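A short write-up of the structure that comes next.
All ligand and atom numbering here is 1-based and tracks the order in the structure. The figures here come from the full heavy-atom set of this structure, side chains too, leaving out hydrogens, waters and symmetry mates. Predicted, not measured: the structure shown is a model, and the values here were computed from it. Throughout, residue positions are numbered sequentially from 1 according to the sequence presented.
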Amino acid sequence: ALTFDKPNESSIFDRKAEIQSQTQVAQGEVLENYEGKYKFAPIEEAQVSRAMIKRYFQSMYDRVVSDVVIVGAGSAGLSCAYSLATQRPDLKITIVEAGVAPGGGAWLGGQLMTPMVIRKPADNFLREIGVPYEDEGNFVVVKHAALFTSTLLSKVLAKPNVVLMNATAVEDLIVHEDFAGKQRVAGVVTNWTLVALNHDTQSCMDPNTITAPVIISATGHDGPMGAFSAKRLVSTGLLKELGNMRGLDMNRAEPAIVNGTREVVPGLILTGMELSEHDGSNRMGPTFGAMIASGVKAAHEAIRILDV
Ligand code: AHZ
């Protein structure tokens with residue numbers, strides 16, 4: 001039977017005295033500034049534009065050659081970025097995310113509900129990044145998926161060796177021949193997402209490139225942009241056909257994704273749900289442990305490739 005804990009019915013008015021004393025301590029005399037005396041330091045409009053432009057284009061210029069490019073900043077891509085940047089602060093890690101808001105599907109749990117379920121042992125990662133959870137035995141529950149994603153995102157962005165280019169889509173892969181005549185993924189072709197979405201309505205708007213010895217693709221399962229690299233491997237002839245994501249089976253899906261995380265063609269690692277389209281493995285639905293563990297494994301794979 002469904003049972004709920006009895007809610008605490010005390011209203012804000014019952015707790016008014018306690019709240020008032022806390023508020024006074026927290027705001028102190030700063031509150032005075034908000035009563036008609038708030039003043040900003042002066043600024044010129046041109047300073048604002050230049051402050052943004054010089055940093056944005058400097059980092060774009062700098063990252064044209066990166067050490068690792070991560071395509072997609074969902075739960076798998078961000079877990080990978082965190083793990084890689086933590087282990088290897090020497091690497092230039094560039095994340096390219098098509099959406100304006102990074103995070104992919106990890107702002108909610110399942111069916112637009114907020115709690116996020118993570119099976120053990122992937123809960124280790126939550127302790128590492130400092131996300132609280134409730135322990136339910138074999139799995140844990142974070143009260144809001146956005147708490148996981150915003151915490152992880154803030155930790156990734158705070159890493160000095162990570163650059164995130166959001167609202168930027170990977171439109172193609174760079175494929176070179178290596179010294180032995182073998183095809184190798186050697187970079188990504190990018191464009192502003194709003195441009196990428198308008199190729200049908202405008203004349204040719206050519207893209208830009210980022211080269212790197214390792215590309216990690218974490219673009220999720222098939223969708224308008226999802227499974228991007230897996231699909232492009234097929235159209236370039238590097239992969240015969242897609243395995244296509246199978247039906248939902250949580251117990252089979254999660255280990256298959258983590259254990260299958262690998263360099264699928266030289267220079268290209270697949271992680272997260274994109275791998276299910278490549279390998280034809282099951283989907284797991286709203287359990288996120290495999291996305292975290294697959295991202296961490298992709299980081300290890302990248303280090304292995306770079307250290308050879
Ligand atoms: O915007 C996409 C999203 O943020 C981004 N992306 C996709 N194509 C891109 C491209 N260039 C740049 N061409 C691109 N970015 O990739 C991100 C993918 O995030 P996601 O949350 O969809 O994938 P994930 O593998 O990190 O997590 C999957 C979560 C799922 S789906 C699922 C199920 O369907 O059963 N279960 C889980 C846990």
Q47 CD: over 12 foreign heavy atoms closer than 6.0 Å: yes
Heavy atoms from other residues, nucleotides or ligands near CG of N138 exceed 12 (cutoff 6.0 Å): no
Are any non-hydrogen side-chain atoms of [X] and [Y] less than 4.5 angstrom apart?
X	Y	result
C204	D206	yes
Y133	V141	no
L268	L238	no
E263	V214	no
D67	I93	no

Mark up the atoms of ligand 1 that fall under 4.0 Å of a heavy atom belonging to [X], in ascending order.
X	answer
G74	17 (C), 19 (O), 21 (O), 26 (O)
A169	11 (N)
G220	18 (C), 22 (O), 23 (O), 25 (O)
A218	16 (O), 17 (C), 18 (C)
V96	12 (C), 15 (N)
A76	26 (O)
F228	13 (N)
R283	33 (C), 34 (O), 35 (O)

N/O donor-acceptor pair under 3.5 Å between [X] side chain and [Y] backbone:
X	Y	value
S235	R232	yes
T190	A169	no
R119	M250	yes

Answer with yes or no whether T190 contacts ligand 1, where contact means a heavy atom under 4.0 Å from a ligand atom.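 T190 does not count as a contact of ligand 1 under the 4.0 Å cut-off.
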Under the criterion side-chain hydrogen bond (donor to acceptor under 3.5 Å, both in side chains), which of T219, T236, D222 is the partner of K231? D222
Closest approach of any protein heavy atom to [atom], naming residue and atom:
atom	answer
atom 12 (C) of ligand 1	A98 N, 3.3 Å
atom 30 (C) of ligand 1	M273 CG, 3.8 Å
atom 16 (O) of ligand 1	G72 CA, 3.3 Å
atom 8 (N) of ligand 1	M225 O, 3.0 Å
atom 20 (P) of ligand 1	G105 N, 3.9 Å
atom 2 (C) of ligand 1	E97 OE2, 3.5 Å
atom 32 (C) of ligand 1	G285 O, 3.9 Å
atom 6 (N) of ligand 1	T219 CB, 4.0 Å

Are any of the N or O atoms of [X] closer than 3.5 Å to those of ligand 1?
X	result
E274	no
H221	yes
T271	no
V170	yes

Side chain, backbone, both or neither: which part of [X] has a heavy atom under 4.0 Å from ligand 1?
X	result
M291	side chain
E171	neither
V71	side chain

Excluding sequence neighbours, so at least two apart, what forms ring-ring contact (aromatic ring centres under 6.0 Å, His included) with Y82? F125
Can we say D62 and K92 salt-bridge, meaning some charged N sits less than 4.0 Å from an Asp/Glu carboxylate O?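 Yes, this pair counts.
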Contacts of Q183 that satisfy side-chain hydrogen bond (donor to acceptor under 3.5 Å, both in side chains) - sequence neighbours left out: none
